[in-house]
Amino acid sequence: MLDIKLVRDRADHVRERLATRGAGDETKIDEVLALDAELRTALSEVEGLKARRNAASKEIGALMGQKKLTEAEARKGEVREIGDRITALDRQRAELEARRDEILLQLPNLPHASVALGRTAEENPVIRTWGTPVQHPFKPKSHVELCEKLRLVDFARGAKLSGSGFLLYTGWGARLERALIQYMLDLHVREHGFTEVSPPYLVAEHCMVGVGQFPKFRDQAYAAREGLDDSSLGRLYLVPTAEAPVANIHREEILAADQLPVRYVAYSPCFRAEAGAAGVGTRGMIRVHQFDKVELIKIVKPEDGYAELEAMVGNAERILQSLGLHYRVINLCTGDMGFASAKTYDLELWAPGQGGWLEVSSCSNCEDFQARRMQLRYKDAEGHNRFPHILNGSGTALARLFVTLLETHQQEDGSVVIPEPLRAYLGTDRLVP
RNA sequence: GGAGAGGUGGCUGAGUGGUUUAAGGCGCACGCCUGGAAAGCGUGAGUGGGCUUAUACCCCACCGGGGGUUCGAAUCCCCCCCUCUCCGCCA
């Protein structure tokens, strides 16, 4: 959520930054300002009345102590009237506040000044490229064909169980998925200084609001219900990413400065309904309703936010490099960035069988946008409570990593060579049809 | 799911309608004292918001959350959440 004080004091700046996203949100600032002004007028008035009531009630107490009951009764009538005005005015105040905050909760974060201006993904600058596309001396197969030949994923039966967009991993496929998860977790814990956590896969409403998923993207979440009780529908949501629970771990806390930086790594399955999207569409594993992901979360001092973002991208790149995969780092332009983010790097893998790039990681600094929503603060050296920066990054998403791994390391005979670091985890150096 | 007991400031722990605009204790910060320290004494200290040049005053709100009763609610009433104990169910 944007800081209302920033909106008040630097409305033009806020409008200008919002406009760079190209969604027209800057037009809502006038309404926010108007509601905010009205709100503060009502607030001053109602607080003044409350001060009067508090004083008068105290006097009544004193009068009754002195047994001046007639006088006390007279004052009661007077105070009751003040009370009625407070009730009415307070209701109005609450409504104004709700309306103001409803808009504020739907406004995206302001893009950082270093982010390239642009409207679509085509305008995302490529920051760097690592490796070169693998040159197969034969026509590379797509992952769908490889998965079927190697019996790694049973697409038909996955769909039979849960519909399109759900995968049934089988045999070495299931083992490869598990090996990748464990490999990535271990690397981030052992070499990158992250603390492993294993969060709930269902979260409460306030966690979804905290990370910026709700209220705007409510239709993309799967809602769960308890038992047969219809009224409990929507009280818990399947996590769209481990970010939802993990970033909220310290919500509503005031951390000591020496607790920062906090660095967590978590595996979770990710559930995405993507309602409104043009179906799952793509054949195979590129776009699915459930996938696995190893997620990195950092909570850091604002002055460290952007250095930590660069480091996080490096942590994710390390995974791809160690698996011998060709990738590029792009910086999302203002029009392509996610709702909560101030700056985002995407990591895209080259998939020979697809002949295209696949996003496997998105690393963002959300600055204080989420911290404000979840009331997460830390006490700085001067003893002031400040909102920390919260960063999230995939390190990395599976499914697409799985796809790229197969397509990159496939051999002419249809086998797939497993990259060296993964062999101990998987228990083989090659998958053979 | 059922029964019972609880949820108060950094911690502990009083408080069942009005000098509690939360006692006392511990811990904390600063000061006095001391050669230095401890003890002792004194002062201060929570969160959010409004007003404001101001992190100065002043004001409002906050005793798990939300409603209600009342001139006045930590205290009384209702709903919900969480924790603990026991039972049931269950991996």
Side-chain angles (χ1 to χ4, degrees), chain A residues 1-10 32-33 35-101 104-105 198 200-210 224-237 245 248-259 302 368 371-388:
Chain A
M1 175 153 67
L2 299 179
D3 183 359
I4 184 61
K5 287 178 184 160
L6 181 73
V7 178
R8 269 180 217 152
D9 300 342
R10 302 185 61 198
V32 171
L33 289 172
L35 286 168
D36 184 59
E38 239 189 297
L39 168 64
R40 281 185 294 156
T41 304
L43 196 58
S44 299
E45 200 179 337
V46 79
E47 283 188 355
L49 289 172
K50 281 181 179 174
R52 277 177 57 195
R53 181 178 66 181
N54 288 346
S57 290
K58 210 170 169 183
E59 286 166 27
I60 290 170
L63 286 172
M64 291 180 69
Q66 297 162 29
K67 303 287 183 216
K68 297 178 178 172
L69 298 181
T70 324
E71 275 182 66
E73 283 307 316
R75 295 300 306 276
K76 281 188 188 180
E78 173 200 327
V79 181
R80 189 180 295 123
E81 256 178 64
I82 298 177
D84 291 342
R85 288 171 62 196
I86 289 172
T87 304
L89 204 54
D90 216 27
R91 191 164 294 147
Q92 190 188 333
R93 190 221 89 240
E95 194 193 320
L96 287 165
E97 197 169 303
R99 282 168 62 196
R100 182 195 70 177
D101 291 347
L104 277 178
L105 281 170
S198 180
Y201 301 151
L202 288 164
V203 294
E205 167 101 14
H206 59 257
C207 287
M208 295 292 264
V209 173
R225 76 174 155 202
E226 304 172 54
L228 300 172
D229 182 3
D230 277 5
S231 70
S232 68
L233 175 68
R235 280 177 54 191
L236 291 172
Y237 301 89
N248 277 289
I249 286 174
H250 298 289
R251 76 186 336 268
E252 291 156 53
E253 292 180 25
I254 300 175
L255 300 173
D258 62 12
Q259 289 179 265
D368 60 7
R372 185 171 287 109
R373 284 172 166 250
M374 58 180 78
Q375 283 298 304
L376 165 59
R377 290 154 295 172
Y378 78 98
K379 205 169 275 295
D380 71 11
E382 287 77 46
H384 298 303
N385 293 334
R386 299 174 70 192
F387 292 109

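Within every chain, numbering begins at 1; the chains are lettered A, B, ... in the order of the sequence lines, protein sequences first and strands thereafter.
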Considering only side-chain heavy atoms of A/S44, which listed nucleotide, B/rC71, B/rG68, B/rG50, is closest? B/rG50
A/N54 side chain N/O closer than 4.0 Å to the phosphate oxygens (OP1, OP2) of B/rU21? no
Tell me the closest heavy-atom pair linking A/S57 and A/V79, and the distance in Å. OG-CG1, 4.2 Å
Contact check, side chains of A/R93 and A/L39, non-hydrogen atoms, under 4.5 Å: yes
Looking for any heavy atom pair under 4.0 Å, which part of the strands does A/L43 touch: base, sugar-phosphate only, or nothing? sugar-phosphate
Expressed as a whole number of angstroms, how long is the span from A/I254:CD1 to B/rG9:C1'? 12 Å
Which of these nucleotides, B/rC51, B/rU47, B/rG49, is closest to any side-chain atom of A/R40? B/rC51
Would you measure the distance from the C1' atom in B/rG27 across to the matching atom in B/rA45 and give it in whole Å? 12 Å
In whole angstrom, give me the gap between the C1' atoms of B/rG9 and B/rC84. 23 Å
Distance check, C1' atoms only: B/rG49 and B/rU43, in whole angstrom units. 28 Å
Give me the distance, rounded to whole Å, that separates B/rG65 from B/rC57 when you measure between the P atoms they each carry. 27 Å
On the side chain of A/Q375, is there an atom forming a donor-acceptor pair with the base of B/rG48 - under 3.5 Å, no angle test? no
Atom P, compared across B/rC28 and B/rC77: separation rounded to whole Å: 40 Å
If you measure from the P atom in B/rC60 to the same atom in B/rA5, how many Å do you get, rounded? 37 Å
Scan A/R8 against the nucleic acid and name what it touches under 4.0 Å (heavy atoms): base, sugar-phosphate only, or nothing. sugar-phosphate
Pairwise C1' distance for B/rC63 and B/rG10, with rounding to whole Å: 16 Å
A/L105 CG to A/R373 CZ distance, which is reported to the nearest 0.5 Å: 5.0 Å
So, for A/L376 and A/H250, which heavy atoms are closest and what is the spacing to 0.1 Å? CD1-O, 3.1 Å
Considering only B/rC71, B/rG49, B/rG48, which nucleotide approaches the side chain of A/N385 most closely? B/rG48
From the list B/rC60, B/rG68, B/rC71, which nucleotide is the closest neighbour of the side chain of A/E47? B/rC60
Contact class for A/A51 vs. all strands (heavy atom < 4.0 Å): base, sugar-phosphate, or nothing? sugar-phosphate
At less than 4.0 Å, is any side-chain N or O atom of A/R377 found next to OP1 or OP2 of B/rG48? Yes or no. yes
Indicate whether OP1 or OP2 belonging to B/rU47 is found under 4.0 Å from a side-chain N or O atom of A/K379. yes
If you count heavy atoms of other groups shown closer than 6.0 angstrom to CZ of A/R91, is the number above 12? no
The nucleotide from B/rU47, B/rG18, B/rC60 with an atom nearest the side chain of A/M64 is B/rG18
Of A/A56 and A/R52, the one whose nearest nucleotide on RNA chain B sits closer to the 5' end is A/R52
